[in-house]
Amino acid sequence: MNGLGNDFIIFDVMDDNTLLPDDISKNMWRNIADRDNPATKGCDQILILRPPLSKGDCFMDILNADGSQAESCGNGTRAVAAYIAKHKGQTNPVIETLGGSLSCAVMPENRVEVTMPAPKFAWTDIPVAEEVKTNGVKLHDDLPPAFLVNVGNPHAVFFASKKTKWMASKFGSDLEMHPLFPQQANINFAQILRDFERATILLHTWERGAGLTKACGTGACATAIAAIELGATRLPDGTLRTEVDIIPPVNRDRNESDIITIRYQPGAETYIMRGPAEFEFDGKVSL
Ligand SMILES: N[C@@H](CCC[C@H](N)C(=O)O)C(=O)O
(Lines give C-alpha, C1' and ligand atoms only; values in the text may rest on other atoms or scores of the structure.)
Protein backbone atom coordinates (compact mmCIF):
# COMPACT_ATOMS: atom_id res chain seq x y z
CA MET A 1 0.00 0.00 0.00
CA ASN A 2 1.05 3.60 -0.20
CA GLY A 3 0.15 7.06 1.01
CA LEU A 4 1.06 9.57 -1.70
CA GLY A 5 3.79 7.26 -2.99
CA ASN A 6 5.34 6.65 0.46
CA ASP A 7 5.05 2.86 0.27
CA PHE A 8 4.60 0.06 2.76
CA ILE A 9 4.63 -3.71 3.05
CA ILE A 10 2.04 -4.73 5.60
CA PHE A 11 2.27 -7.98 7.56
CA ASP A 12 -1.08 -8.76 9.13
CA VAL A 13 -0.71 -10.95 12.24
CA MET A 14 -3.46 -9.11 14.11
CA ASP A 15 -5.34 -12.31 14.81
CA ASP A 16 -2.33 -14.50 15.55
CA ASN A 17 1.01 -12.97 16.50
CA THR A 18 2.71 -16.38 16.31
CA LEU A 19 2.34 -16.40 12.50
CA LEU A 20 5.43 -14.21 12.36
CA PRO A 21 8.62 -15.75 13.79
CA ASP A 22 10.11 -13.49 16.49
CA ASP A 23 13.72 -14.15 15.44
CA ILE A 24 13.62 -12.19 12.17
CA SER A 25 16.90 -10.31 11.95
CA LYS A 26 17.35 -6.67 10.96
CA ASN A 27 19.07 -7.97 7.82
CA MET A 28 16.03 -10.01 6.81
CA TRP A 29 13.76 -6.97 7.21
CA ARG A 30 16.22 -4.95 5.12
CA ASN A 31 16.09 -7.61 2.45
CA ILE A 32 12.27 -7.49 2.39
CA ALA A 33 12.40 -3.68 2.06
CA ASP A 34 15.09 -3.79 -0.63
CA ARG A 35 13.94 -2.20 -3.91
CA ASP A 36 15.77 -4.97 -5.80
CA ASN A 37 13.80 -7.75 -4.08
CA PRO A 38 11.73 -9.22 -6.97
CA ALA A 39 9.05 -10.67 -4.66
CA THR A 40 8.30 -7.54 -2.66
CA LYS A 41 9.58 -4.74 -4.96
CA GLY A 42 10.77 -3.08 -1.74
CA CYS A 43 9.24 -0.33 0.37
CA ASP A 44 9.98 2.66 2.57
CA GLN A 45 8.53 1.04 5.71
CA ILE A 46 7.39 -2.39 6.87
CA LEU A 47 4.25 -2.23 9.00
CA ILE A 48 3.49 -5.22 11.21
CA LEU A 49 -0.08 -5.35 12.47
CA ARG A 50 -0.10 -7.18 15.80
CA PRO A 51 -2.89 -7.84 18.31
CA PRO A 52 -3.73 -4.65 20.26
CA LEU A 53 -2.04 -4.03 23.61
CA SER A 54 -4.98 -1.98 24.87
CA LYS A 55 -8.41 -1.13 23.47
CA GLY A 56 -7.36 -0.44 19.87
CA ASP A 57 -7.92 -2.59 16.77
CA CYS A 58 -4.25 -3.47 16.39
CA PHE A 59 -0.74 -2.48 17.42
CA MET A 60 1.30 -1.24 14.46
CA ASP A 61 5.03 -1.99 14.61
CA ILE A 62 6.91 0.33 12.24
CA LEU A 63 10.24 -0.64 10.68
CA ASN A 64 12.15 1.66 8.37
CA ALA A 65 13.77 0.27 5.20
CA ASP A 66 17.10 0.03 7.07
CA GLY A 67 15.48 -2.21 9.72
CA SER A 68 15.36 0.47 12.43
CA GLN A 69 12.21 0.92 14.49
CA ALA A 70 10.08 4.08 14.36
CA GLU A 71 7.43 5.29 16.78
CA SER A 72 5.08 6.88 14.28
CA CYS A 73 4.22 6.86 10.57
CA GLY A 74 1.52 9.20 9.28
CA ASN A 75 1.05 7.85 5.75
CA GLY A 76 1.32 4.30 7.11
CA THR A 77 -1.42 4.98 9.67
CA ARG A 78 -3.80 6.07 6.91
CA ALA A 79 -2.84 3.03 4.80
CA VAL A 80 -3.45 0.64 7.70
CA ALA A 81 -6.77 2.31 8.54
CA ALA A 82 -7.89 1.76 4.93
CA TYR A 83 -6.63 -1.86 5.12
CA ILE A 84 -8.63 -2.52 8.31
CA ALA A 85 -11.73 -0.90 6.80
CA LYS A 86 -11.41 -3.17 3.73
CA HIS A 87 -10.62 -6.42 5.51
CA LYS A 88 -12.53 -6.06 8.79
CA GLY A 89 -15.28 -3.61 7.82
CA GLN A 90 -14.19 -1.29 10.65
CA THR A 91 -14.24 2.26 9.27
CA ASN A 92 -13.23 3.91 12.56
CA PRO A 93 -10.21 1.87 13.61
CA VAL A 94 -7.92 2.82 16.48
CA ILE A 95 -4.30 2.04 15.68
CA GLU A 96 -1.86 1.72 18.57
CA THR A 97 1.75 2.76 17.97
CA LEU A 98 4.79 3.53 20.11
CA GLY A 99 3.94 7.20 19.42
CA GLY A 100 0.39 6.90 20.81
CA SER A 101 -3.07 5.54 19.97
CA LEU A 102 -4.50 7.01 16.79
CA SER A 103 -8.23 7.19 16.04
CA CYS A 104 -8.97 7.07 12.32
CA ALA A 105 -12.00 7.65 10.13
CA VAL A 106 -11.98 6.02 6.70
CA MET A 107 -14.09 7.90 4.20
CA PRO A 108 -15.10 7.16 0.58
CA GLU A 109 -12.25 6.64 -1.91
CA ASN A 110 -9.88 5.79 0.95
CA ARG A 111 -9.54 9.32 2.21
CA VAL A 112 -8.54 8.90 5.84
CA GLU A 113 -8.68 11.34 8.73
CA VAL A 114 -6.40 10.65 11.71
CA THR A 115 -6.65 12.31 15.11
CA MET A 116 -3.07 12.89 16.19
CA PRO A 117 -1.84 13.48 19.76
CA ALA A 118 -0.52 16.95 20.67
CA PRO A 119 3.01 17.62 19.39
CA LYS A 120 5.88 18.02 21.83
CA PHE A 121 8.34 20.93 21.69
CA ALA A 122 10.51 20.49 24.82
CA TRP A 123 14.15 19.76 23.97
CA THR A 124 14.03 16.64 26.17
CA ASP A 125 11.02 15.34 24.20
CA ILE A 126 12.46 15.77 20.69
CA PRO A 127 14.91 14.45 21.97
CA VAL A 128 18.09 16.49 21.52
CA ALA A 129 21.39 15.96 23.29
CA GLU A 130 21.55 19.38 24.96
CA GLU A 131 19.24 22.25 25.92
CA VAL A 132 18.35 24.32 22.84
CA LYS A 133 15.52 26.60 21.75
CA THR A 134 13.59 24.15 19.64
CA ASN A 135 11.81 26.86 17.63
CA GLY A 136 15.06 27.87 15.91
CA VAL A 137 18.19 25.75 16.09
CA LYS A 138 21.24 26.27 13.93
CA LEU A 139 22.19 22.82 12.63
CA HIS A 140 24.25 23.75 9.57
CA ASP A 141 26.18 26.88 8.49
CA ASP A 142 24.54 26.90 5.05
CA LEU A 143 20.96 26.53 6.29
CA PRO A 144 18.54 28.73 8.25
CA PRO A 145 17.68 27.67 11.83
CA ALA A 146 15.44 24.60 12.05
CA PHE A 147 12.20 24.14 14.00
CA LEU A 148 12.24 20.93 16.05
CA VAL A 149 9.10 19.02 17.03
CA ASN A 150 8.18 15.51 18.10
CA VAL A 151 4.91 14.37 16.50
CA GLY A 152 5.30 10.81 17.78
CA ASN A 153 8.72 10.73 16.09
CA PRO A 154 11.46 13.39 15.91
CA HIS A 155 11.46 16.00 13.13
CA ALA A 156 13.47 19.06 12.13
CA VAL A 157 11.85 21.51 9.70
CA PHE A 158 13.71 24.01 7.50
CA PHE A 159 11.82 26.71 5.60
CA ALA A 160 13.27 28.15 2.39
CA SER A 161 11.97 30.63 -0.13
CA LYS A 162 13.11 28.57 -3.13
CA LYS A 163 12.72 24.97 -4.32
CA THR A 164 14.05 22.59 -1.69
CA LYS A 165 14.58 19.20 -3.37
CA TRP A 166 18.31 19.77 -3.79
CA MET A 167 18.55 20.67 -0.09
CA ALA A 168 16.96 17.38 0.95
CA SER A 169 19.41 15.42 -1.25
CA LYS A 170 22.42 17.48 -0.21
CA PHE A 171 21.91 17.86 3.54
CA GLY A 172 19.35 15.18 4.54
CA SER A 173 21.68 12.31 5.26
CA ASP A 174 24.17 14.32 7.39
CA LEU A 175 21.41 16.10 9.33
CA GLU A 176 19.58 12.83 10.07
CA MET A 177 22.77 11.76 11.88
CA HIS A 178 23.55 15.16 13.44
CA PRO A 179 25.15 14.70 16.91
CA LEU A 180 22.37 16.82 18.43
CA PHE A 181 19.92 13.97 17.68
CA PRO A 182 20.69 10.95 19.91
CA GLN A 183 17.87 9.00 18.20
CA GLN A 184 18.47 10.60 14.77
CA ALA A 185 15.67 12.62 13.15
CA ASN A 186 13.50 13.07 10.07
CA ILE A 187 14.57 16.17 8.14
CA ASN A 188 12.00 18.31 6.30
CA PHE A 189 12.67 21.01 3.70
CA ALA A 190 9.63 23.18 3.12
CA GLN A 191 8.71 25.99 0.75
CA ILE A 192 5.64 28.05 1.55
CA LEU A 193 3.76 28.76 -1.70
CA ARG A 194 2.41 32.30 -1.73
CA ASP A 195 0.19 32.15 -4.82
CA PHE A 196 -2.45 29.86 -3.29
CA GLU A 197 -5.75 30.77 -1.67
CA ARG A 198 -5.21 28.23 1.13
CA ALA A 199 -2.05 27.91 3.24
CA THR A 200 0.03 25.63 1.01
CA ILE A 201 3.49 24.16 1.48
CA LEU A 202 5.66 22.11 -0.87
CA LEU A 203 7.61 19.53 1.14
CA HIS A 204 10.60 17.24 0.64
CA THR A 205 11.44 14.93 3.51
CA TRP A 206 14.62 13.01 4.18
CA GLU A 207 13.30 10.24 6.41
CA ARG A 208 15.27 8.71 9.24
CA GLY A 209 16.06 5.13 8.23
CA ALA A 210 14.60 5.44 4.73
CA GLY A 211 16.20 8.46 3.00
CA LEU A 212 14.39 10.65 0.48
CA THR A 213 10.82 9.35 0.19
CA LYS A 214 7.96 10.44 -2.08
CA ALA A 215 6.00 11.81 0.90
CA CYS A 216 6.05 11.70 4.69
CA GLY A 217 2.86 11.97 6.76
CA THR A 218 4.49 12.87 10.06
CA GLY A 219 6.77 15.23 8.11
CA ALA A 220 3.62 16.94 6.82
CA CYS A 221 2.32 17.21 10.42
CA ALA A 222 5.64 18.57 11.72
CA THR A 223 5.91 21.10 8.89
CA ALA A 224 2.35 22.41 9.17
CA ILE A 225 2.73 22.71 12.95
CA ALA A 226 6.05 24.54 12.56
CA ALA A 227 4.54 26.96 10.03
CA ILE A 228 1.54 27.71 12.25
CA GLU A 229 3.59 28.01 15.46
CA LEU A 230 6.04 30.38 13.74
CA GLY A 231 3.15 32.52 12.47
CA ALA A 232 4.11 31.85 8.84
CA THR A 233 0.46 31.14 7.95
CA ARG A 234 -0.75 34.51 9.26
CA LEU A 235 -2.72 36.62 6.79
CA PRO A 236 -2.01 40.36 6.38
CA ASP A 237 -5.13 41.11 8.46
CA GLY A 238 -3.60 39.19 11.38
CA THR A 239 -5.77 36.05 11.11
CA LEU A 240 -3.78 32.85 11.75
CA ARG A 241 -4.64 30.14 9.24
CA THR A 242 -4.76 26.83 11.11
CA GLU A 243 -5.42 24.52 8.16
CA VAL A 244 -2.45 23.81 5.91
CA ASP A 245 -2.22 21.80 2.67
CA ILE A 246 1.04 19.95 2.25
CA ILE A 247 1.97 19.03 -1.31
CA PRO A 248 4.49 16.19 -1.59
CA PRO A 249 6.91 16.26 -4.53
CA VAL A 250 5.19 13.28 -6.19
CA ASN A 251 2.11 15.46 -6.79
CA ARG A 252 3.60 17.35 -9.71
CA ASP A 253 0.22 18.56 -11.00
CA ARG A 254 -0.74 19.80 -7.53
CA ASN A 255 -3.85 17.67 -7.83
CA GLU A 256 -6.20 18.65 -5.01
CA SER A 257 -6.92 15.07 -3.99
CA ASP A 258 -3.23 14.25 -3.60
CA ILE A 259 -2.34 16.42 -0.67
CA ILE A 260 -2.14 16.00 3.07
CA THR A 261 -4.19 18.53 5.00
CA ILE A 262 -3.32 19.34 8.59
CA ARG A 263 -5.73 21.13 10.92
CA TYR A 264 -3.82 22.35 13.98
CA GLN A 265 -4.78 24.80 16.69
CA PRO A 266 -1.81 25.79 18.92
CA GLY A 267 -2.30 24.46 22.45
CA ALA A 268 -5.05 21.95 21.53
CA GLU A 269 -4.80 18.37 22.79
CA THR A 270 -5.18 16.81 19.36
CA TYR A 271 -5.02 17.84 15.72
CA ILE A 272 -6.12 16.29 12.43
CA MET A 273 -4.19 14.83 9.51
CA ARG A 274 -6.26 14.04 6.40
CA GLY A 275 -5.04 12.38 3.21
CA PRO A 276 -5.31 9.46 0.80
CA ALA A 277 -4.29 5.80 1.02
CA GLU A 278 -3.91 3.39 -1.88
CA PHE A 279 -3.80 -0.40 -2.29
CA GLU A 280 -1.10 -1.78 -4.60
CA PHE A 281 -0.91 -5.58 -4.49
CA ASP A 282 -1.16 -8.63 -2.21
CA GLY A 283 1.50 -11.29 -2.08
CA LYS A 284 3.33 -13.92 -0.06
CA VAL A 285 6.94 -13.82 1.11
CA SER A 286 8.80 -16.73 2.63
CA LEU A 287 10.82 -15.79 5.69
N1 LIG B 1 6.86 7.60 6.31
C2 LIG B 1 6.49 7.96 7.57
C3 LIG B 1 7.50 8.09 8.66
C4 LIG B 1 8.18 6.74 8.97
C5 LIG B 1 9.07 6.74 10.16
C6 LIG B 1 10.24 7.68 10.09
N7 LIG B 1 11.12 7.41 9.00
C8 LIG B 1 11.01 7.64 11.42
O9 LIG B 1 12.01 6.92 11.52
O10 LIG B 1 10.59 8.31 12.35
C11 LIG B 1 5.34 8.93 7.66
O12 LIG B 1 4.52 8.93 6.73
O13 LIG B 1 5.18 9.59 8.68
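Every number for a ligand or one of its atoms is a count from 1 in the order of the listing.
The aromatic rings of Phe147 and Phe121 sit perpendicular, their planes meeting at an angle over 60°, well past the 30° parallel limit. Between His87 and Tyr83, the ring-plane angle classifies as tilted under the 30° and 60° cut-offs.
Residue contacts with ligand 1: Asp44 is excluded, as none of its non-hydrogen atoms falls under 4.0 Å. Ligand 1 has Asn64 within reach: a non-hydrogen atom of the residue lies less than 4.0 Å from it.
Residue Gln184 does not touch ligand 1, judged by heavy-atom distances below 4.0 Å.
The protein heavy-atom contact nearest to atom 12 (O) of ligand 1 is Gly217 N, 2.7 Å. Looking from atom 2 (C) of ligand 1 to the surrounding protein, the closest heavy atom is Cys73 SG, 3.2 Å.
Glu176 and Arg208 are not joined by a salt bridge, as no carboxylate oxygen comes within less than 4.0 angstrom of a charged side-chain nitrogen. Salt-bridge formation is detected for the pair Asp15/Lys88: a Lys NZ or Arg NE/NH1/NH2 atom is positioned less than 4.0 Å from an Asp or Glu carboxylate oxygen.
Near Asn153, the atoms of ligand 1 lying under 4.0 angstrom from a non-hydrogen atom of the residue are 5 (C), 6 (C), 8 (C), 10 (O). Of all atoms in ligand 1, numbered sequentially from 1 with element shown, those under 4.0 Å from a heavy atom of Ala70 are 5 (C), 8 (C), 9 (O), 10 (O). Near Asn75, the atoms of ligand 1 lying under 4.0 angstrom from a non-hydrogen atom of the residue are 11 (C), 12 (O). Atoms of ligand 1 lying under 4.0 Å from at least one heavy atom of Asn6, given by number and element, are 1 (N), 2 (C), 11 (C), 12 (O).
Of the N and O atoms on the side chains of Asp237 and Thr239, at least one donor lies less than 3.5 Å from an acceptor on the other residue. Using modelled atom types and a 3.5 Å distance limit, the side chains of Ser101 and Glu96 yield no donor-acceptor pair.
Compare Gly74, Ser72, Cys216 by their heavy atoms: the one nearest to atom 5 (C) of ligand 1 is in Ser72. Of the candidates Met273, Glu207, Arg208, Glu207 brings a heavy atom nearest to atom 4 (C) of ligand 1. Counting only non-hydrogen atoms, the option in Leu4, Asp66, Asn186, Thr218 that gets closest to atom 6 (C) of ligand 1 is Asn186.
Considering only heavy atoms from C-beta on, Tyr264 stays 4.5 Å or farther from Thr242 through its side chain. At a threshold of 4.5 Å between non-hydrogen side-chain atoms, the residues Phe59 and Leu98 count as touching.
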